[in-house]
Amino acid sequence: MMKNLLHFSIAVILIALPITTFAVDSLTNGNSASHMSGTLTAKGNSVEDVESTLKSEAINSGASAYTITTESNDAGQVYGEATLYK
């Protein structure tokens, strides 16, 4: 019984994972969103870390889209800022 519940839970998580990864779109030239709803900032050890953090935070905030407006590197730390759209 517990083994079946564990397998079911894992299946639900794996099915839901792709849905959440596509819940927010990064805006590129030519795309538009209804209106700006805020900004996010993040820091990390690499550009990939910062971009991943910004995307996760955009998803958690309920944004429909985001665009990374600033990325900089200072003394080994990467900083980024994104604008959110709803």
Side-chain angles (χ1 to χ4, degrees):
M1 177 73 175
M2 291 299 289
K3 188 175 182 179
N4 289 338
L5 181 59
L6 176 63
H7 287 137
F8 176 76
S9 299
I10 291 171
V12 168
I13 290 169
L14 292 176
I15 290 169
L17 186 61
I19 294 169
T20 59
T21 59
F22 295 110
V24 175
D25 293 324
S26 177
L27 292 180
T28 58
N29 293 338
N31 292 346
S32 63
S34 57
H35 66 279
M36 189 177 105
S37 65
T39 59
L40 294 172
T41 59
K43 72 176 183 175
N45 295 322
S46 68
V47 171
E48 292 81 12
D49 288 345
V50 170
E51 290 176 355
S52 176
T53 300
L54 290 171
K55 182 175 182 175
S56 295
E57 289 182 16
I59 291 169
N60 291 338
S61 72
S64 61
Y66 72 100
T67 184
I68 297 175
T69 55
T70 307
E71 285 185 326
S72 62
N73 190 334
D74 183 28
Q77 284 288 302
V78 178
Y79 299 89
E81 185 173 321
T83 302
L84 304 179
Y85 299 90
K86 293 228 178 189

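Only this structure's heavy atoms are used, side chains among them; waters, hydrogens and symmetry mates stay out. Computed from a prediction, not measured in an experiment: that's the story for all the values here.
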Nearest 0.5 Å, please: how far is [atom2] in [Y] from [atom1] in [X]?
| X | Y | atom1 | atom2 | answer |
| --- | --- | --- | --- | --- |
| Lys43 | Ser72 | NZ | OG | 12.0 Å |
| Glu57 | Thr41 | CD | OG1 | 7.0 Å |
| Asn60 | Lys55 | CG | NZ | 12.0 Å |
| Thr39 | Tyr66 | OG1 | OH | 15.0 Å |

[X] side chain vs [Y] backbone, donor-acceptor pair below 3.5 Å:
| X | Y | answer |
| --- | --- | --- |
| Ser52 | Glu48 | no |
| Thr69 | Glu81 | yes |
| Ser61 | Ala58 | yes |
| Thr53 | Gly44 | no |

Minimal non-hydrogen separation, Val78 against Val50, with atom names: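 Shortest heavy-atom separation between Val78 and Val50 comes out as O-CG2, 3.3 Å.
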Minimum heavy-atom distance between Leu40 and Leu84, given as atom pair plus value: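 Leu40 and Leu84 have their closest heavy atoms at CD1-CD2, 3.6 Å.
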Common cluster, Tyr79/Leu54, ILVMFWY with side-chain heavy-atom separation under 4.5 Å: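 Looking at the clustering, Leu54 is in a separate group from Tyr79.
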Validation row: Val47, Glu51 side chains within 4.5 angstrom (heavy atoms):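 A side-chain contact under 4.5 Å exists here.
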